[in-house]
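Here is the structure we will look at.
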Amino acid sequence: MTSNQIKRPLGLQLLIYGFVLLWFILAAFPFFWTMWGSFKVELDFFSKGDWTHAISGVRTQAVYGESFTGAGYEGAWIQEEFWRAFNNTAIVCFFTVLTSLTIATLGGYALSRSGFRYSFWLLIIALVFRALPPITLVSGYLLPFYEWNVWGLLPTTIIVLVAINQPFTLWMLHSFFQTIPKELDESAKVDGCTQFQAFKHVIIPVMWPGVITAGLFSFLLAYNDFAVTAVLLNQDNQTMVPKIASFMGTTQTEGNVMFAVAAVVSAIIPLFLLVLFFQRQLVSGLTAGAVKG
Amino acid sequence: MNHKTFFWFFFPTALAMILFIALPLTSIVSQSFHAPHEEVLLVAEICDPFGCETESTIDHQATEQLKQDKPLGRWVGFEIYADRQHLAFKEVAQFWQSRPSFTGFISSLNNLPFYRAMGFTLTYVIVVTPLVILFGLIIALAVNSLHRHLKGLMVFFSLLPMIVTPLVGSLILFWMIDARGIIGSGLQEIFSDPNLSLKASTGLTWITLIVYGVWHSAPFAFIVFYAGLQTVPKETLESAMIDGATRFQQVIHVVVPHLAPLVAFVALIQLMDNFRVFEPIVGFSAEAHATSLSWIIWNDIGQEIRLLSSAATTSVLTIIGVVILLTPVLIRTWREFNPEK
């Protein structure tokens, strides 16, 4: 474990490297395989006879004269208008993250600075809300949303996603604010600031690491959501994940599986970049709740 | 912070949660006690030389009016809870009376949608959660012993299965295990059975979903344990080593106890997340062999005529399940907060 330990026996060393390699393949291979395959024709991607075709692209070459083709992407993005879904996802994620963070920052800060008993209960209620599967709430939205004629619209979905994200974001920011010493804003209050002024001048400048981390998770929840977006959005406003799900229904029959493969790869790339640039924040966010216990 | 300031800081988030979590909860509960209106019938007696007949026609206007006046439907009490789609008291009692054996009883319960979904959901939770913890721990121990540069790379790739959208992740694996996909045809090769399909039998479908579940969640456990491993006290490890503990004993007696609180944390999160298992069933098109509680709610809502009452009833039952699942945690937190006097 530690570097100053006695050297590991060779057998153990091999076992460890073997296991790490196995896990590496399990974790990464499916993504690379699908990304590579998304530039092939269906007969190559699903090549029953000879799996090397999926790598070399023999049939793709036969059809397009090259071993790579963007046909799947063209079909998905232009013919099936996946760009529309991409735009919708961008809009939904942007506003969900913005709103979630704004209100959860205030709430999480208040929870961390209030020693009263009800703040404990509020956290417990948030925990129970966090545990509810989102789909259980969805049937409760439909009737009122039909009644008010707001079903199918992006703003409705954004508000719902913000609310569903709140418990989690609140917990995360609460534990983050607890790591900021209370003395900081208390001394500002002694100097004559109101609570809000103390928050604004003392806490806001130092809160960004925690807020960015919470924002990443809030983004992931909105980006990955399927239950809420699939039920609450109409055809035109669909985001990427429900759009991919509806591809599954239509393309399977039309033989356009490659459209769905291209769409899936397109939906993974932003996440790939996210992990690439924010790995440290993601790791710290995952462990934030744990360290507190 | 005084009550008033607290209120204003907390107000926006509280409003969001009350309007879109608490109120929908109450509306689900009330919806679950209401069934859709029956059509209003106009009964007319038509008499001709051969006698009189009563004939009923649907009064569309009155039906519409009724639907508008009472959008929830008509009050039916616990009727929906007891029907065949949900708790199915009548059928269960029947099965129990005519049971050939206990296992026979269990397998006949499998014909009832709610119990079928419950069966898979609980199996999934019970199998996936410990496996995730175990694999996460092994991966963390293995990665932690690597060279510094390799560690970062492994963390990066390990995050992918967890970060990726569940539906997308399951679709990727679904295409690979397809009979024409690389894993599917590879398995056929290995077992030299050209008809082998992971989608064809219930057992294999369950295994596929569980493997997906572990693949998806093990990274989470890994990251948490990996972070925990960085804080294992070196002195304790060294003294264990001096006392002659083997590597394995060091792990069991020093590292694992140190990680115990983290195991509890991972278990809690995993219980909550695995209980809502849903997207993989859609992604793997597995509904013929495995359904979950979330999936049957989704299925009810997705019908041409949205079966809101049925969906609401399953939702209420699911929420009761979540609360039961959380009770030990809540009791523990309560005890910690209220130390015995």
Q. For A/Phe145, is it the side chain, the backbone, both or neither that has a heavy atom under 4.5 Å from a heavy atom of chain B?
A. side chain
Q) Which of the residues A/Phe19, A/Phe120, A/Phe226 is involved in the greatest number of heavy-atom pairs with chain B at under 4.5 angstrom? A) A/Phe120
**Q.** Atom pair CG (B/Leu167) and CZ (B/Phe174), whose distance is rounded to the nearest 0.5 Å
**A.** 11.0 Å
Q: Output the option from B/Thr318, B/Ile138, B/Leu173 having the highest count of non-hydrogen pairs under 4.5 Å with chain A.
A: B/Ile138
Q) Any idea which of A/Val160, A/Thr99, A/Leu26 has the most non-hydrogen atom pairs under 4.5 angstrom with chain B? A) A/Leu26
Q) Under the salt bridge (Lys or Arg N to Asp or Glu O under 4.0 Å) rule, what pairs show up with a residue in residues 12-26 of chain B, not counting sequence neighbours? A) none
Q.
For chain B, which candidate among A/Val128, A/Ile16, A/Leu220, A/Val138 shows the most heavy-atom pairs at distances under 4.5 Å?
A. A/Ile16
Q | Choice from B/Ile182, B/Leu308, B/Leu326, B/Val168 maximising heavy atom contacts with chain A below 4.5 Å | A | B/Ile182
Q | Most contacts with chain B, counted as non-hydrogen pairs under 4.5 angstrom, among A/Ser119, A/Pro167, A/Pro30, A/Ala28 | A | A/Pro30
Q. Does a sphere of radius 6.0 Å around CZ in A/Phe219 hold more than 12 heavy atoms from other residues, nucleotides or ligands, not counting ones at 6.0 Å or beyond?
A. yes
Q: Kindly write out the residues that satisfy ring pair (Phe, Tyr, Trp, His ring centres under 6.0 Å) with A/Phe129, not counting sequence neighbours, or none if the list is empty.
A: none
Q. Most heavy-atom pairs under 4.5 angstrom with chain A, which of B/Pro12, B/Gly228, B/Gly321, B/Ala218?
A. B/Pro12
Q | Trace of the ring pair (Phe, Tyr, Trp, His ring centres under 6.0 Å) decision for A/Phe199 with B/Phe9 | A | CA-CA 10 Å; A/Phe199 175 72; B/Phe9 269 93; 5.6 Å; yes
Q. Which one, B/Leu268, B/Val164, B/Leu19, B/Thr5, leads in non-hydrogen pairs under 4.5 Å with chain A?
A. B/Val164
